Amino acid sequence: MRIICFTIASIILMNAGAFAQTKAGIEKRPFGKTTEGEPVDLYILTNANGMKTKIMTFGGIVTELWAPDRDGKLADVVLGHDNLKGYLDGHPYFGALVGRYANRIAKGKFTLDGKEYTLAVNNGPNALHGGKRGFDKVVWKVDKAEMTDKALVLQLSYVSKDGEEGYPGTLTSTVTYSVPLNSNEVRIDYSATTDKATPVNLTNHSYFNLAGHDKGDILGQELTINAEEYTLADDTLIPTGKISPVKGTPFDFTQSTPIGKRIGELKGEPAGYDLNYVLRPGKGFKLAARVFDPKSGRELKVFTTEPGIQFYSGNFLDGKDKGKGGAVYKKHAGFCLEAQHFPDSVNQKNFPPVILKPDAVYSQTTVYNFSIAAK
Ligand code: BGC
């Protein structure tokens, strides 16, 4: 009898807790040291609804993101590791800030103002996600960690030296993560300046699973992408320059469709989605994509200023990555929606330009908004 009473009481408490207002704030914790001995910190941003976002200074990585389901129950909806070692041992960009150039540059080469630049090739014949030691593998400086009357703000910065990973110019990047106190979203404002012309394309590479990071695959989650076209690519995922319509192909997500519905029709090894969508309108802040999980009721909306978004369905996850709490991340355990300029834009004249000049300021804003939906 006593056990039953205790159980009922805990259920009531749990439910009350799930809906109650939480004390909002930012907590800082040490998170270990890099192989070079640099200290890394973890920042825990908790908003008034109880949504928790954990971000570490190594790679500006979002390590955990706890969002409520339709019953108010929180689950961690991003893939990642429990500790710094898990990330230092190598991982497929879980939650990371990606730069100086997100996605691929063909053969790691481009010409700017008559000079040819050679980058490290780290993905087949191409350069991927900023090189061997991209912005995902450096320790970001914390400029600000504060709670305002509206939001929790964590501002990070990183100075990439002239010539780093083969890129010209000293590039100073600032990334501001902010979480509103009363709304479940993570806003990311990126800005950058340089002292020499250089390509810039910054993004965040979070892998989401709206059911929870350890809840199997994402194939039943329903995706809408606000794009009628995509950039056609070759076998090494370098755009051919052609912009193709999605209509009549398995890439068409103009209507909400389960991610797995047509995935079997895709070619490639391992097969799955890994392509850049051409968002409309190309300029300005707009809704780019929406994902809905029928099981939990969680809905994710992605808004961005960027002209493109890479939809990647976790094709290379193969169960070798032991994730948080021992979770095994198999193929399609998470999806990425990476707001970006188009891959290899630096070699494609008809794509929106990506060269930042010394007198200009690069900026991009992306918002990941969580809510509950009926369908
Ligand atoms: C790329 C994939 C790559 C993944 C992890 C995505 O942005 O498009 O091809 O496997 O990142 O590196």
Side-chain angles (χ1 to χ4, degrees), residues 59-62 78-81 86-87 89-108 119-137 165 188 190 199 201-209 218 223 225 227 230-240 251 253 259 263 266-279 288-289 302 304 306-321 323 329-346 348 351 354 364 366 368:
I61 291 174
V62 177
V78 293
L79 277 54
H81 291 290
Y87 292 95
D89 286 349
H91 67 107
Y93 301 89
F94 288 145
L97 293 178
V98 180
R100 178 178 307 201
Y101 198 93
N103 213 280
R104 292 171 177 79
I105 293 183
K107 311 259 187 314
L119 311 169
V121 158
N122 59 344
N123 183 255
N126 305 316
L128 176 69
H129 293 332
K132 293 203 166 129
R133 188 169 180 262
F135 291 6
D136 59 296
K137 293 183 189 68
E165 296 298 318
I188 318 176
Y190 305 75
N201 187 23
L202 306 180
T203 195
N204 177 279
H205 205 297
S206 287
Y207 288 67
F208 298 96
N209 183 334
I218 45 82
L223 171 68
I225 302 182
Y230 69 103
T231 49
L232 192 75
D234 68 13
D235 290 349
T236 71
L237 297 181
I238 293 295
T240 61
F251 305 137
F253 283 98
I259 292 172
I263 209 162
L266 300 174
K267 295 187 193 76
E269 193 39 61
Y273 292 97
D274 193 359
L275 71 155
N276 172 65
Y277 284 85
V278 178
L279 297 170
V302 185
T304 189
E306 295 308 272
I309 200 159
Q310 187 81 13
F311 169 46
Y312 170 57
S313 57
N315 316 330
F316 288 99
L317 298 173
D318 55 8
K320 281 193 198 126
D321 268 295
Y329 298 139
K330 294 196 186 136
K331 194 173 174 189
H332 310 315
F335 63 81
C336 303
L337 286 165
E338 304 149 59
Q340 62 183 9
H341 266 262
F342 305 169
D344 199 32
S345 293
V346 74
Q348 300 278 351
F351 287 179
V354 287
Q364 92 106 313
T366 297
Y368 293 99

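Here the structure is a predicted model, which means the values were calculated and not measured. In each ligand, atom 1 is the first atom listed, and ligand 1 is the first ligand listed. Both backbone and side-chain heavy atoms feed into the values below; hydrogens, waters and symmetry mates do not.
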*asked:* Quick check on D235: does its CG atom have over 12 non-hydrogen neighbours (other residues, nucleotides or ligands) under 6.0 Å away?
replied: no

*Closest candidate by heavy atom, reference atom 3 (C) of ligand 1, pool Q310, Q340, R104, H91*: R104

*atom 10 (O) of ligand 1: which protein heavy atom is closest, and how many Å away?*
F316 CD1, 3.4 Å

*asked:* Centroid separation under 6.0 Å, is that true for the rings of F351 and H341?
replied: no

*Between F311 and ligand 1, find which residue part has any heavy-atom pair under 4.0 Å and reply side chain, backbone, both or neither.*
neither

_Protein contact to atom 11 (O) of ligand 1 [nearest heavy atom, distance to 0.1 Å]_ = H205 NE2, 2.8 Å

_I'd like to know whether T366 forms a side-chain contact (heavy atoms from CB on, under 4.5 Å) with N204, so could you lay out the CA-CA distance, the side-chain angles of the two residues, the decisive distance to 0.1 Å, and finally the verdict._
CA-CA 9 Å; T366 297; N204 177 279; over 6 Å; no

_Check this for me: K331, atom NZ, are more than 12 non-hydrogen atoms of other residues, nucleotides or ligands nearer than 6.0 Å?_
yes

*Can you find a pair of side-chain heavy atoms, one from L337 and one from T304, that are under 4.5 Å apart?*
no

*Within reach of ligand 1, part of L237 (heavy-atom separation under 4.0 Å)*: side chain

_Heavy-atom pairs closer than 4.0 Å: do any link ligand 1 to the side chain of N103, the backbone, both, or neither?_
side chain

*Taking C-beta and beyond as the side chain, do D344 and V346 meet within less than 4.5 Å on heavy atoms?*
yes

*Run the contact test for F94 against ligand 1 with a 4.0 Å cut-off on heavy atoms, strictly below, and give the result.*
no

_Just to confirm my output: which protein heavy-atom neighbour is closest to atom 7 (O) of ligand 1, and how far is it?_
E338 OE1, 2.6 Å

*Can you find an N/O atom of Y207 closer than 3.5 Å to an N/O atom of ligand 1?*
no

*Ring center gap for Y368 and F208 short of 6.0 angstrom*: yes

_Results of ring pair (Phe, Tyr, Trp, His ring centres under 6.0 Å) for Y230 - residues two or more places apart only_ = F251

*Identify, for atom 2 (C) of ligand 1, the protein heavy atom at the shortest distance, and state residue, atom and that distance.*
D274 OD2, 3.0 Å

_For ligand 1, which is the ligand I care about here, please tell me if Y93 has any N or O atom under 3.5 Å from one of the ligand's N or O atoms._
no

